[in-house]
Amino acid sequence: MTPAIDLNQLDPRAAKATSVKAEDATPAGEPTALTITASVSNPKMFTLPWEQPLATWPKELLANLPRGISRHVVRFVRVGNEVYAMKEITRQVAEREYELLRRLEKLELPCVSPVAVVTGRHNREGERLEAILVTKHLKFSLPYRALFARNLRTDTAERLIDALAVLMVRLHLAGFYWGDVSLSNVLFLRDAYAFSAWLVDAETGDLHPALTDGQREYDIDLARTNIIGELMDLSSGKLLPDEVDEVEVGNRLVDRYHSLWSTLTDTDKFSPDEMWKIEKRVNKLNDLGFDVDELEMKTAEDGKRVLVRPRVVDAGYASRKLLRLTGLDVQENQARRLLNDLDAYRASTWREGEDLEIVATDWMREVFEPTVRMIPKEYRSQIEPAQFFHEVLDHRWFLAEKAGHDVPMAEAVESYIATVLPNYKIDAKTMEQLNAEADAGVIDDESTYDDPDDGYNPDDDPDAAVWAH
């Protein structure tokens, strides 16, 4: 059993996030009545067929979205105006994962948002069914296999790895030991030219006041091994470009992680007349998307040099600035691109002397909003407005270079919709194949519904528990 964490040592935001207590590994008994412990109020949750195994829920309730590979039955379910991801697992694992996700969310880390834990499920014959963990579907996100099923750039694997490295660093800085790092346990959002990664599976995780180097290195080594295997699987299915070296991509994760960790945590030494380098260090961190809360400064033993270490509070430097100016809540690279366009608009309208907040309001009304309103209805659930705007800007530049003169924005949008946007669609055959592959890895399917043990307990898994305990 994982030892209890002293909540007094955790970040206060995480310590106060718990609303459901995970039971011991050997509880006295399952609840006899259906119990829904929820972080949000949605009365339609009570109308769902909890008395049926999740794999048998009627199709009219389900949202046809690509699912990632999982050991458990997972379905996307429409509940009123919301789409929830539902995972059928043991009660102890469901309650523990719900608690972890609540804490990670309070720390403003990239993870799926927990909605509820449903326990005390029984079928019409009174036989026990496993609990269900409910999380919000992360809009516009895709599992890695769905991304490779589309016509993407040849460096897609490297861009996904870069996003995963950033996610791991952010989680590790917050004291989260993952224990099962893989592409399958992540969802990806397009973020301008790059991707951003979000944690979607925290079954084997643990939150600590801080991680040891051994915990971090174990996560990194496990991630490298799993990613190489997943990419080899893609290669065997002809989804990975021939020029991609799976081992090299796995090694890239290790290199990218260590480089970013070093940039964020290393202590620099400056002489008293080199203090300008401190601002350069802070600017570099801002360029990486991280905010610096304060600088720890002390004199070296020889008294001739100053030791400086930044206290990085979180990622999201550009996205928070854009949110303050426009109210748009977007990914970090998207925010940079939109801020650049806002600056270009400010210069082109000769308004450098005006308050940026006022210019931003006009940019929203005259440039951004008219552009994103042109997204066809059938694509509005598939591409974020900020990503659409970014890609239209790229397409406009391409058209202008080809034509040898500037191209009106409306013309660029129409051309983009006609020639580029259709690549976002996943055809029905590919969707069916992706979800069949996702279900192929399930270990708790219908044959185990009446089995009180799904055969997997992370506390008994030496690989999952070696650093967590």
Side-chain angles (χ1 to χ4, degrees), residues 139-142 146-156 158-160 162-163 188-196 241 287 289 318-319 321-352 354 356-427 430:
K139 288 184 67 176
F140 309 111
S141 67
L142 288 171
L147 287 167
F148 282 101
R150 297 179 173 187
N151 183 23
L152 294 175
R153 289 162 38 180
T154 55
D155 65 347
T156 295
E158 294 179 352
R159 291 186 290 148
L160 295 184
D162 291 347
F188 293 94
L189 285 170
R190 286 178 177 81
D191 184 10
Y193 300 108
F195 290 95
S196 60
D287 289 341
S319 58
K321 180 179 179 181
L322 185 71
L323 181 64
R324 174 176 58 83
L325 290 171
T326 67
L328 293 173
D329 189 4
V330 305
Q331 304 301 307
E332 184 69 6
N333 291 318
Q334 293 170 346
R336 287 197 191 100
R337 187 66 189 277
L338 268 60
L339 286 170
N340 288 341
D341 194 68
L342 171 58
D343 287 340
Y345 169 82
R346 189 184 195 187
S348 67
T349 54
W350 306 94
R351 300 173 67 180
E352 285 92 339
E354 288 191 46
L356 188 55
E357 289 81 357
I358 296 175
V359 178
T361 300
D362 292 340
W363 173 81
M364 283 285 291
R365 184 182 65 252
E366 298 174 11
V367 181
F368 182 81
E369 290 176 351
T371 301
V372 300
R373 277 199 296 266
M374 296 180 70
I375 302 175
K377 183 177 180 180
E378 64 269 26
Y379 288 100
R380 289 175 187 168
S381 63
Q382 299 179 46
I383 184 170
E384 289 178 283
Q387 185 67 22
F388 177 85
F389 188 84
H390 156 75
E391 295 189 12
V392 166
L393 290 180
D394 271 2
H395 190 69
R396 185 186 185 191
W397 179 88
F398 170 78
L399 293 177
E401 184 181 48
K402 186 177 180 180
H405 57 77
D406 197 15
V407 174
M409 192 66 165
E411 181 180 331
V413 173
E414 291 174 358
S415 173
Y416 172 84
I417 291 172
T419 60
V420 180
L421 195 56
N423 292 330
Y424 272 78
K425 278 192 174 180
I426 300 180
D427 62 78
T430 302

For residues [X] and [Y], report the shortest heavy-atom separation together with the two atoms involved.
X: R380; Y: R373; result: NH2-O, 3.8 Å
X: P376; Y: L421; result: CD-CD2, 3.8 Å
X: Q331; Y: S196; result: OE1-OG, 2.8 Å
X: V330; Y: A386; result: CG1-CB, 3.5 Å
X: A163; Y: F195; result: CB-O, 3.2 Å

### Query
Given L325 and L339, is the side-chain contact (heavy atoms from CB on, under 4.5 Å) satisfied, shown in steps?
CA-CA 9 Å; L325 290 171; L339 286 170; 4.0 Å; yes

For the atom pair [atom1] ([X]) and [atom2] ([Y]), what is the distance rounded to the nearest 0.5 Å?
X: L160; Y: F148; atom1: CG; atom2: CZ; value: 5.0 Å
X: D341; Y: H390; atom1: CG; atom2: NE2; value: 11.5 Å
X: E378; Y: Y424; atom1: CD; atom2: OH; value: 14.5 Å
X: W363; Y: R351; atom1: CH2; atom2: CZ; value: 13.5 Å
X: T326; Y: L342; atom1: OG1; atom2: CG; value: 8.0 Å
X: D155; Y: Y193; atom1: CG; atom2: OH; value: 13.0 Å

#### Entry: R365 and D362 ion-paired at < 4.0 Å
yes

In residues 403-417, what donor-acceptor pairs under 3.5 Å come from side-chain atoms, sequence neighbours left out?
unit_1: S415; atom_1: OG; unit_2: H395; atom_2: NE2; d: 2.7
unit_1: Y416; atom_1: OH; unit_2: E391; atom_2: OE1; d: 2.5

#### Entry: With F140 via ring pair (Phe, Tyr, Trp, His ring centres under 6.0 Å) - residues at least two apart
none

### Message
In the structure I gave you, are the side-chain heavy atoms of Y379 and K425 within less than 4.5 Å of one another anywhere?
### Response
yes

### Query
So, does D191 use its side chain to make a donor-acceptor pair with the main chain of N333 at under 3.5 Å?
yes

### Sidechain-backbone polar pair: Q334 side chain, F389 backbone, donor-acceptor under 3.5 Å
no

#### Entry: Residue from K321, R324, R346 passing salt bridge (charged side-chain N to carboxylate O under 4.0 Å, His left out) with E357
R324

